[in-house]
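Taking it in order: structure first as structure tokens, then the write-up.
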Amino acid sequence: MSEHAAVSGARRAPGPLLLGVRHHGPGSARAVRAALDEANPRVVLLEGPPEADALIELAADEDMRPPVALLAHVVDEPGRSAFWPLAEFSPEWVAIRWALEHKVPARFIDLPAAHTLAWGREEGESEEAEPDRADRSVRIDPLGVLAETAGYDDPERWWEDVIEHRGAGAGAREGDAFAPFDVLGEAMEALREVYGTGGHDRDLVREAYMRLQVRAAQREFADDVAVVCGAWHVPALRQRTTVAADRALLKGLPKVKADMTWVPWTHRRLSRMSGYGAGIDSPGWYGHLFTAADRPVERWMTKVARLLRDEDRLVSSAHVIEAVRLADTLAAMRGRPLPGLTETTDAVRAVMCEGSDVPLALVHDRLVVGDVLGEVPAAAPAVPLQRDLARLQRRLRLKPEAQERELELDLRKETDGGRSRLLHRLRLLGVEWGEPVASRGSTGTFRETWRLRWEPELAVRVAEAGVWGTTVLAAATAKAETEAVGARSLAEITGLAERCLLAELPDALPVVMRILADRAALDADVGHLAQALPALVRSLRYGDVRGTDTQALAEVAAGLAERVFVGLPPACAALDADAADEMRGHVDAVHGAVGLLAEGRGGAEGREGGEGRGDDTQADDSRADEPRAGIRGRWHSVLSTLSARDTVPGIVRGRAVRLLLDDGELGQEEAARLMGLVLSPGTAPGDAAAWIEGFVGGGSGGGMLLVHDERLLGLVDSWLTGVPGDAFTDVLPLLRRTFSAYEPGVRRTLGELVRRGPGPRGSVAATVSGTPGFAPDLDAGRADAVLPVLRLLLGLDDADNADDNDLVGVGR
């Protein structure tokens, strides 16, 4: 035993030095360092899986930045995994760093991960396991019991007062470094005398293995052994048992083959709210306490002020000074040695947030919890897929970040196109790093917006996806082919084809297309065909913008559309209300798909992105439209058939009329005539109400149609006032559903028109709107008044030789 240790030996019992800690406690971390400096042991034993012993040296790498975690997973089943997280303020991490700095061996002595993972599988537990699951499974909260005994209603406050505010290791007297561990060990011994293991026998097995490892270390290093473990286990490690008894507890344990590595972790994942069993409420606050050299409250308030200023809130240095004073005053009034998180939070709310919890929630999310993401060195073991992903992330300059952010991509740029392909391939593999969201700007298919956030669990998903291949491209291709073979519905296959185009998987697409063609030929359900067509047509447009050959896809889409055209009219006959509403949705989906299919390469996407494609593309597009013009005409014939058949439900007939009207295939006179026929006294009120919902409901913009065409509104008004009282209660829910979907402004305008009463029924020329801004003819004077503003917006002036006719042409 070293001379330093001999001096302090009288301060502790003979045998190994047991340092019972709270996982992820900065006070425990400081106390561990002070105790290790005092005892100077020849070996440090840590609670954790022994398979990680070979990874300890990586903790000294300059590229290793906590929070990190040890990840163990079953070799043949990567999804079954366990994490052992370590933050900068974790006592175990401090002990590892101390051992590396003093060139002292460090070893893990907990039950091997090979047993832990196999044990969890036998008991049918969750695939994810934390190192402190035994602590989590205890039916009591040891800190909660101790806090309640001390008269505290909050275990976190008790821990701060007793441990975090002690200043352990900072100016402590000789020999005092062991005092907190002695006291905490005695408290845990009293708890275990009452509660035992809390009803879980796994603690007994883990602790038996720990005792065997401690004995082995003692044989090698005598009593110059320090053990850093959860305080709950200290009484069990002090317990005198025989080697035979401990080995008997370990006999017959199940075992699997496991791999282990380091992975990045986050402060957010350390928090209790993330579901981690041994988590803490405020990892960001604890990290600040551990790293603040002095004046932690003043430094914390400065961080808060900086955050609020970045969010455009007025916070001055005077606010910081006043908040610090208030926190100190609150601590004194509450009898606390120093301000804790509760006092600082109350002071921030009162001084910097003006009593509002809204900015305070931001402080809690960004600082108290935090989005710190750790890093691991490239030398850490990893599956080949993980290494390929890391290479692509570096090449595409797409660094994983714990904080959520939005990424705008322009697919015409090489780097952005590569980023899009990578994110789509990862989504296909189940690695949900990015989520597509609606773009705020252009709606063209050459733009994508992603919401990115890297979670530690994604490392498990990457390892799990490694069974499909050694590169992201190969793995995504293999999984797509497998999913195509196992797809149960036609819509699943068309969706998969779309994903293959988005991810640019040229080798998988032929397989998917062959299965798609075979399945489409055998599926006679019009509903299934109608569900599959939109995704197929979208795939054509995505293929266009990515320069992918989609000829085979176009042929399948055209054939699928023709089968829908033939089968839709008979499929719409004799449907009940629910089936009719579902069929209305199919009609809408097919109508949108036919419009995109007819536009082809000369559609909206070409117009928005045309500046980068050249004039030759436009010429090709015009030729491509010619053979596809017949598709739109065939669809209009189908809609005409649906609108005229009495056997078709009213909601489908009404929607068919509306779609024909919107496409200009039906004049307003004819639409009004058809509506008049349906709303005549000879039609059942329920069928008439369903027709109205189909015509002006379902988010089709029907409200504005009624606002601008008072004749149609008059027909609806006349029919509604003539519905018999006994039938009115039956149609009211349907009408309420139709009109409640309108914008508030549209509903208000319709109400004003109905209250005023529209013009004479049946005569468009006689209809004069009483609503400001609407008239049967254009008001040229009011229209001309906007031309100066339009000229200013477009940057036109006299030097441009532009006249008002040019502006009118632009407006059109």
Side-chain angles (χ1 to χ4, degrees), residues 79 385 420-432 436 445 461 464-568 571 582 585-586 589-590 592-594 596-598 600-601 627-628 631:
L385 181 63
S420 173
R421 289 190 294 272
L422 174 61
L423 293 172
H424 280 295
R425 289 170 182 174
L426 290 176
R427 279 177 60 83
L428 200 150
L429 290 170
V431 182
E432 302 287 340
T445 54
R461 304 284 82 82
E464 195 171 11
V467 300
W468 298 105
T470 57
T471 66
V472 175
L473 175 59
T477 299
K479 187 173 184 185
E481 293 174 351
T482 304
E483 285 189 359
V485 173
R488 297 182 179 181
S489 68
L490 189 61
E492 287 183 29
I493 302 177
T494 54
L496 185 60
E498 182 179 12
R499 295 166 68 189
C500 286
L501 283 170
L502 292 171
E504 200 171 305
L505 303 177
D507 293 336
L509 193 58
V511 177
V512 176
M513 292 307 304
R514 184 178 66 252
I515 296 175
L516 173 60
D518 295 343
R519 191 71 61 89
L522 298 175
D523 200 327
D525 191 312
V526 174
H528 293 168
L529 299 176
Q531 285 179 328
L533 184 60
L536 208 56
V537 175
R538 285 197 307 270
S539 299
L540 287 172
R541 291 167 61 79
Y542 287 130
D544 284 348
V545 77
R546 286 165 170 77
T548 308
D549 183 9
T550 56
Q551 181 61 36
L553 202 61
E555 293 176 359
V556 175
L560 204 62
E562 288 296 334
R563 294 187 61 197
V564 172
F565 297 164
V566 173
L568 192 59
E582 182 180 357
H586 292 330
V590 172
V594 168
L596 294 176
L597 193 60
R601 295 174 61 118
R628 296 186 180 183
I631 294 178

Revision key, fill the gap. Between Glu492 and Ala487 the two heavy atoms that sit nearest each other are OE1-CA, 3.7 Å
Exercise for review: Could you tell me whether the side chain of Thr477 reaches within less than 4.5 Å of the side chain of Glu481, counting heavy atoms only?
Suggested key: yes
**Study point:** Heavy-atom closest contact (Trp468 atom, Ala475 atom, distance)
**Key:** CB-O, 3.5 Å
Check your understanding: Is there side-chain contact between Val472 and Val431, with heavy atoms separated by less than 4.5 Å?
Key -> no
Point to revise | Closest approach of Leu496 to Ala484 (non-hydrogen atoms, all atoms of both residues) | key: CD2-N, 3.4 Å
Point to revise | Leu429 CG to Leu385 CG distance, which is reported to the nearest 0.5 Å | key: 6.5 Å
Point to revise | Non-hydrogen atoms of Cys500 and Ala508 that approach each other most closely | key: SG-CB, 4.2 Å
Check your understanding: Measuring from Leu426:CG to Leu423:CG, what's the distance to the nearest 0.5 Å?
Key -> 6.5 Å
Review point. Nearest 0.5 Å, what's the CZ-CG distance between Arg421 and Leu505?
Key: 10.5 Å
Review point. CG of Leu428 to CG of Leu502: how many Å apart, nearest 0.5 Å?
Key: 10.0 Å
Study note, to complete from the structure: Which of His424, Arg425, Glu483 passes side chain to side chain contact (heavy atoms under 4.5 Å, CB included) with Arg499? Answer is Glu483
